[in-house]
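Letters A, B, ... mirror the listed sequences (proteins, then strands); counts begin at 1. Keep in mind that the numbers below use all heavy atoms, side chains included, and drop hydrogens, waters and symmetry copies.
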Amino acid sequence: MNKREFLKSLLLLLHAGGFVGALARWAGAKETGGKEGEGKAPGGADAKGEANGKHDPARHWYGMGIEIDKCIGCSRCVDACKVENAVPPEPFFFNTWLERYVIAKDGEAVVESINVKGKSSREMRQDDGEVIRSFFVPKLCNQCANPPCVQVCPVGATFSTKDGVVLVDANRCIGCGYCIQACPYGARYLRPESRIAQKCFFCYHRVAQGLLPACVEVCPTQARIFGDLRSKASRLVRFTRMNKIHVLKPSLNTEPKVYYAQLDGEVR
Amino acid sequence: MNAERVRDLYELLDQVTGYIYPNEIEIRWSILIVVYPYLTGLVAGAFILASLVKVFKVKEVEPTYRLSLLTALAFLLVAPLPLLFHLGRPERSFEIFLTPNPRSAMAMFGFVYAWYLMAVLLLEIWFEFRRDLVLLARASRGLLKWVYRVLSLFSTDISEAALVFDRRAIRAITIIGIPSAFLLHGYVGFIFGSVKANPWWSSVLMPIVFLMSAIVSGIALVIFLYMVLTAIRDHPIDMRCLDTMVSYLFYAIIVDFSLEALDFIQRLYESEESVKILGTLITSKLFLSLLVLQILLGMLVPLGILVIARVWTFNDDMRKLLYFASVILIQVGIFSTRWNVVIGGQLFSKSLRGLMAYKMEVVSIEGLLAALVLLVLPFIILAVMIRVLPTEPLEDRVTVPSKAPAPESPEILPLPTSGS
Ligand code: SF4
Ligand code: SF4
């Protein structure tokens, strides 16, 4: 290869690089819901057919991916959620929370929610014995495709949207608490003031405007991936293709749509 | 959130052992939800005792027939109140009728309840009492006359043909009523038994266990009331009736006990994921209410007493004493059963890693006092009903007034001859 040929291929390479970069940026913009309101729905769905800016639920099927190895336990998602959704600040009610698992050599798992500080909670100490695995698990409503909470709600206040999000109609909920009993994941609580059921709803108010859920937006390591499972280009679809994924309590047939990568068997 | 509530929650947090999902800190279904299945159980049990007379022709328990029906009604009227009071938004309760979710077990409550109240209990009571109401309306004066006339829905026909029709209607209603009573209470069991998220509740046996314990509690309650009522009125107790009721009670307890034992053994033997935490639950938080109150004092001791009362021949007074002691213990036991299901099922985390605590409020609408009021209220309603309605048919006194014995107690009205 002479000098001229070398320069030519270098130029080509740069061009190609630029093209790939541009492509990546474009794709990225699509996935992450359009950089600040470009009129694109999150998760890579094109706003085609939703050109009037209206969110069309029938065109989406939302889910979330969680890459456990990326979570550093900073709790920014929990804080962001509390602010965004007016979740009571006290450490008793959460739309999303973090669990810390510390698994000792003898297999015994010590689990704690790092957002709740009670008498029994304590920090790890040097003399805790040998720890073989330790990790954080973000938890939230799984937006189950076969949700027991929807099934039991006597008045139909809890319902599934076409785009696969489980919502609570605040004007209809009678506060009976049956859904709280029926959710296997402890995702629900009764709001102390209004006395109606509440839980994570994937920041539906943001998603419908093409924004990401608050927790996804603030996660510094991108451990949370939000997306549309109907769109092939979505980051979530890629995530589910690239990772071996698992859901919580699959034996209960709730068909969760929060997908965990690197989920440990100890997590329930 | 108010400071007091926050303090309470912190207090509860300190009592948590192991790991619970943070939202689980609050026990959502309080003592009122313990009262609810207890009340409906008594309704179903009392009704089934009443139907022994009409459908299975058990003549011996005839003296308690009307008492059983009225007891069922008094408790049924109060049954929806605990449900209503525990709602976060009671003012919206009507939504359950406006937009019921057909897939929800709880949504069916209103319909099952309305059916049972209107189509079964009130109807049967009306047919049973109609003739006496007509007679009482004729015999009384002033306001009371009007009360009886309204209660009889202004019917006046007490010819033999009409009475034959009444009796047929009662039989037909009872035949529909038995499955309805099963539905009413079996359905309450289903509300719990169908929650797959909760291994303490989720069981096919739940509706059947609920039913059997309902029958036990209902019969025990009617025995209790019958004994108390005869004592107040200073009437003699019909020992044949009492013995028969007690023997039904005895068999019902045995079936109930076997079912509960089966459920227990099955869980232990299958030894699923949840077995460890449920074991801890039973031996710590539920030790008193399950092992001591429900099983020992509420079941084994009364069963033992009843066995003794059957094997040895005691005189009537001794038998009465033994029966009375056991029906009271049985009530304590069944109430504990409800407690252990409802509260027990919320004391362990669905992460199966920890236990929560329940702090019963006292004065709030979901607290102890409200529960006590709701438990006493049916007795007050019953007392009023017994004042107005005769618990024994007036027959003899009316058709052959001259032969009628002198009224032994003030509440039996002497009826004028013009009444027949
Ligand atoms: S996680 Fe719980 S609240 Fe969320 S959809 Fe599933 S059952 Fe319902
Ligand atoms: S608390 Fe509200 S949303 Fe939950 S089951 Fe009851 S009515 Fe439905």
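When I20(B), N2(B), L98(B), V6(B) are compared by the number of non-hydrogen pairs under 4.5 Å with chain A, V6(B) comes out ahead. Interface remark: of the candidates F97(B), Y19(B), F192(B), Y19(B) forms the most heavy-atom pairs closer than 4.5 Å to chain A. The greatest number of non-hydrogen atom pairs below 4.5 Å with chain A, out of Q15(B), E24(B), H86(B), E91(B), is found for H86(B). Ranked by non-hydrogen atom pairs under 4.5 Å with chain B, the options G156(A), P88(A), P192(A) are led by P192(A). Residue with the most contacts toward chain B among N171(A), V150(A), I174(A), V155(A): I174(A) (heavy-atom pairs, distance under 4.5 Å). Among M108(B), E26(B), Q346(B), the residue with the largest count of heavy-atom pairs under 4.5 Å with chain A is Q346(B).
Separation of atoms CG (L248(A)) and OG (S351(B)) is listed at 11.5 Å; rounding is to 0.5 Å. Atom-to-atom distance recorded for K199(A):NZ and N23(B):CG is 11.5 Å, nearest 0.5 angstrom. Interatomic distance, R103(B) CZ to C153(A) SG, rounded to the nearest 0.5 Å: 11.0 Å.
Contact of the L9(B) side chain with the F93(A) side chain is registered, since non-hydrogen atoms from C-beta on lie closer than 4.5 Å. With contacts defined as side-chain heavy-atom distances shorter than 4.5 Å, the pair F94(A)/Y21(B) does not qualify. Using a 4.5 Å cut-off on side-chain heavy atoms (C-beta onward), L87(B) and C176(A) make contact. At least one side-chain heavy atom of E273(B) sits less than 4.5 Å from a side-chain heavy atom of R268(A). Side-chain contact between S104(B) and P154(A) is present, with at least one heavy-atom pair separated by less than 4.5 Å. At a threshold of 4.5 Å between non-hydrogen side-chain atoms, the residues R172(A) and T99(B) count as touching.
Looking at E112(A), E108(A), E266(A), E99(A) one by one, the single match for salt bridge (charged side-chain N to carboxylate O under 4.0 Å, His left out) with R353(B) turns out to be E266(A).
Proximity to chain B (any heavy atom under 4.5 Å) is restricted, for R188(A), to the backbone atoms N, CA, C and O. For a residue to count as touching a neighbouring chain, one of its non-hydrogen atoms must lie under 4.5 Å from one of that chain's; by this rule K249(A) touches chain B with the side chain only. For a residue to count as touching a neighbouring chain, one of its non-hydrogen atoms must lie under 4.5 Å from one of that chain's; by this rule Y185(A) touches chain B with the backbone only. Proximity to chain A (any heavy atom under 4.5 Å) is shown, for Y10(B), by both the backbone and the side chain. Using a 4.5 Å cut-off between heavy atoms, I196(A) contacts chain B through its side chain alone, with no backbone atom that close. Both the backbone and the side chain of Q181(A) come within less than 4.5 Å of a heavy atom of chain B. Of the atoms belonging to Q198(A), not a single heavy atom falls under 4.5 Å from chain B. In this structure, chain B has a heavy atom under 4.5 Å from the backbone of A187(A), while its side chain stays farther away. With a threshold of 4.5 angstrom between heavy atoms, S349(B) does not approach chain A through any atom at all.
Crowding of F94(B) atom CZ: a count of heavy atoms from other residues, nucleotides or ligands under 6.0 Å exceeding 12. Annotation for F159(A): atom CZ counts as buried by contact number, over 12 foreign heavy atoms lying within 6.0 Å. Heavy atoms from other residues, nucleotides or ligands lying under 6.0 Å from CZ of F111(B) number more than 12.
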Check: Can you list the steps and then say if E193(A) with R89(B) is a salt bridge (Lys or Arg N to Asp or Glu O under 4.0 Å)?
Finding: CA-CA 11 Å; E193(A) 269 86 29; R89(B) 304 294 292 259; over 6 Å; no

Next item on the list: Evaluate salt bridge (Lys or Arg N to Asp or Glu O under 4.0 Å) for R5(B) paired with E90(A), printing each intermediate quantity in order.
Entry: CA-CA 11 Å; R5(B) 180 94 190 285; E90(A) 291 82 7; over 6 Å; no

Check: Between V152(A) and M106(B), is a side-chain contact (heavy atoms from CB on, under 4.5 Å) present by the stated rule, with each step listed?
Finding: CA-CA 7 Å; V152(A) 301; M106(B) 196 185 275; over 6 Å; no

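In this structure, S113(A) and P22(B) approach most closely via the heavy-atom pair OG-CG, 3.9 Å. Contact between K196(B) and N253(A) at its shortest, heavy atoms only, is NZ-O, 4.0 Å.
The aromatic rings of Y178(A) and W29(B) are tilted relative to each other, their planes meeting at an angle between 30° and 60°.
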